[in-house]
Amino acid sequence: MSAANRSDKLWAGRFTAPTDAFVEAFTASVEFDNRMYRQDISGSIAHARMLAHVGVLSSAEMDAIVSGLEAIRDEIERGEFQWSVALEDVHMNIEARLTALIGVAGKKLHTGRSRNDQVATDMRLYLRDEIDVIAAELLRLQRALLGVAEREATTIMPGFTHLQVAQPITFGHHMMAWFEMLCRDRERLLDCRKRVNRMPLGAAALAGTSYPIDRAYTAELLGFEGISENSLDAVSDRDFIIEFNAVAALIMTHLSRFSEELIIWASAQFDFIELSDSFCTGSSIMPQKKNPDVPELVRGKSGRVNGNLIALLTLMKGQPLAYNKDNQEDKEPLFDSVDTLRGSLRVFADMIPEMTLKHDNMLDAARQGFSTATDLADYLVRNGVPFRDAHEVVGKAVRYGVENSKDLAEMSLEELAQFSDAIARDVFEVLTLEGSVAARDHIGGTAPAQVIAAIKRAREKLA
Ligand code: ARG
């Protein structure tokens, strides 16, 4: 970044004293908003085309502007563009360079426009592009989960409530629970995109413009689905950023919960999975360690996205209409949330297919903790015992099991029958883990057949 003197400033006409050097840096946004250069240029090209379309610019002026802006885009992409802090932001940097390149026509680009509607437009175009990338990453992670679910549709693991063994489930079913969470996330993201994809351009500073602009024409060129209906709202609205960040916070919350499960499963105490070496690191002092860094970092990063959401809500809550410089503070939280979310989804989509399952350990764990106790109660109910009485009977059998260190399936028929005469030899069919999961055979249940059917429905939905 370079500095420049007062006369370089595009708004310096009414000023006599130069900006204080620290204030210049303090008020500038170019160091972070230059990431929107592509959107800024596309917005300006569309604006120039519209101005020519309605006769405000000549077609020669428009041609000069368009090729000048394209040349600037190339300069930026080649890393040759000189960004200047004195020129404050991405908009004025590009406009000043345009005038330097093409002369007086460059000075006409800003006709009928303000940085207020320009920046709101850039933010929407930028976020629209990022939403498409994020939605694709979400989809990639969803497909990864479907792959694991299919491979592990019959794999038995303990299901938990209160992190205590509850009932046996299939690993495929567990993966499909994550899948469902991400389905809702993608739905929310695509719904939010509709409100992102509306064009504020034409609102100018706040009241609209006296030029005969054709907003629908510009919107069409930029692929906006609609235009904002009120100029004051157009330049001051940042709801779309807050909404996106709320969606991002919820996705990160989901990834954080997945992370927590992976970390627990990878611990020596659970030992259900092994994460691939490429997603873990060692310890500089303890040679035996293999730490699940990626899930831990993702869990930690959910905090910053939540923080960004609060920052954005707080940014807006005190603002009168219309544009205020406060709004410049919307960028860093948004960019940080976008980067964090993109990175976290990417690493998850890469990591999930690479994890190895320890089937025997999961099976052993499912055998502990009387995970088929509910199956025994259901068996008694089928044999005529009212559910509350059955619950009591099984409770007693479990107490006996705890005292004698035996799971239900390890007890003899005689031992079990002492708790109820409704218990016969066929009880052992329901006390097996396979029998227990297979019995939960309805939509949403954990039976392998239902998991396979759920995967099929999911694939059709994603196709
Ligand atoms: N850098 C500014 C922002 O991010 C651009 C808009 C400036 N508008 C103004 N009236 N000062 O919001």
Side-chain angles (χ1 to χ4, degrees), residues 1-4 6 8-15 18-20 22-44 47 69 72 76 81 83-98 109-130 196 198-209 228 231-242 244-245 308 311-339:
M1 303 271 165
S2 69
R6 188 185 63 85
D8 288 345
K9 296 205 191 300
L10 304 187
W11 43 249
R14 60 107 68 211
F15 285 74
T19 320
D20 174 88
F22 179 72
V23 171
E24 184 172 276
F26 187 77
T27 51
S29 55
V30 64
E31 278 178 50
F32 48 85
D33 67 14
N34 67 5
R35 77 152 72 187
M36 303 190 298
Y37 75 88
R38 265 189 290 114
Q39 291 82 12
D40 194 70
I41 288 173
S42 312
S44 290
H47 180 64
L69 287 169
I72 292 172
I76 297 173
F81 190 89
W83 296 102
S84 155
V85 173
L87 289 169
E88 209 173 308
D89 54 29
V90 62
H91 325 293
M92 293 198 291
N93 267 268
I94 290 177
E95 194 190 321
R97 178 68 185 141
L98 181 68
L109 169 63
H110 213 50
T111 312
R113 183 177 82 166
S114 151
R115 273 187 296 154
N116 297 352
D117 58 346
Q118 187 180 358
V119 70
T121 303
D122 289 6
M123 292 290 276
R124 287 171 181 272
L125 290 173
Y126 163 80
L127 189 51
R128 187 180 75 185
D129 290 345
E130 291 295 343
V196 171
R198 288 181 195 156
M199 190 189 75
L201 210 56
L206 77 165
T209 171
S228 29
S231 63
L232 298 176
D233 181 48
V235 291
S236 68
D237 170 33
R238 296 294 182 274
D239 293 0
F240 65 101
I241 295 178
I242 295 176
F244 167 80
N245 208 121
N308 291 337
L312 288 164
L313 285 164
T314 312
L315 169 68
M316 296 313 294
K317 75 174 278 296
Q319 285 195 48
L321 293 176
Y323 177 87
N324 301 282
K325 183 77 167 180
D326 312 41
N327 286 338
Q328 183 163 295
E329 286 292 305
D330 63 359
K331 289 170 198 61
E332 286 158 295
L334 174 67
F335 297 162
D336 182 63
S337 290
V338 163
D339 292 344

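We use all heavy atoms of the structure for the numbers below, so side chains are in, but hydrogens, waters and symmetry mates are not. Fair warning: this is a prediction, and the values are worked out from it, not measured in the lab. Positions are given from 1 along the sequence. Whatever order the structure lists them in is the order used to number ligands and atoms, beginning at 1.
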Problem set entry | Backbone N/O of S114 and side chain of H91: donor-acceptor pair under 3.5 Å |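 Looks like no, no N/O pair under 3.5 Å.
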Exercise. Among I41, L69, N93, which one satisfies side-chain contact (heavy atoms from CB on, under 4.5 Å) with L98?
Worked result: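 So, applying the side-chain contact (heavy atoms from CB on, under 4.5 Å) to L98 and each of I41, L69, N93, only L69 qualifies.
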Problem set entry | Partner residues of S42 under the side chain to side chain contact (heavy atoms under 4.5 Å, CB included) criterion, sequence neighbours left out |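 So S42 forms a side chain to side chain contact (heavy atoms under 4.5 Å, CB included) with L222.
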Problem set entry | Within-4.5 Å side-chain heavy-atom neighbours: E329 and L312 |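 The answer is no, as the side chains (C-beta and beyond) never meet within the 4.5 Å cut-off.
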For this session: State which residues pass side chain to side chain donor-acceptor pair (under 3.5 Å) with D33; sequence neighbours excluded, sorted by chain then number.
Result: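 With sequence neighbours excluded, D33 shows a side chain to side chain donor-acceptor pair (under 3.5 Å) to S29, given in chain and number order.
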Exercise. By side chain to side chain donor-acceptor pair (under 3.5 Å), which residues pair with R198, not counting sequence neighbours?
Worked result: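 If we apply the side chain to side chain donor-acceptor pair (under 3.5 Å) test to R198, skipping adjacent residues, there are no hits.
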For this session: Could you please provide the protein residues found below 4.0 Å of ligand 1 on a heavy-atom basis, arranged by chain and number?
Result: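 Contacts of ligand 1 under 4.0 Å: S29, D33, D89, H91, R115, N116, V119, Y323, Q328, K331.
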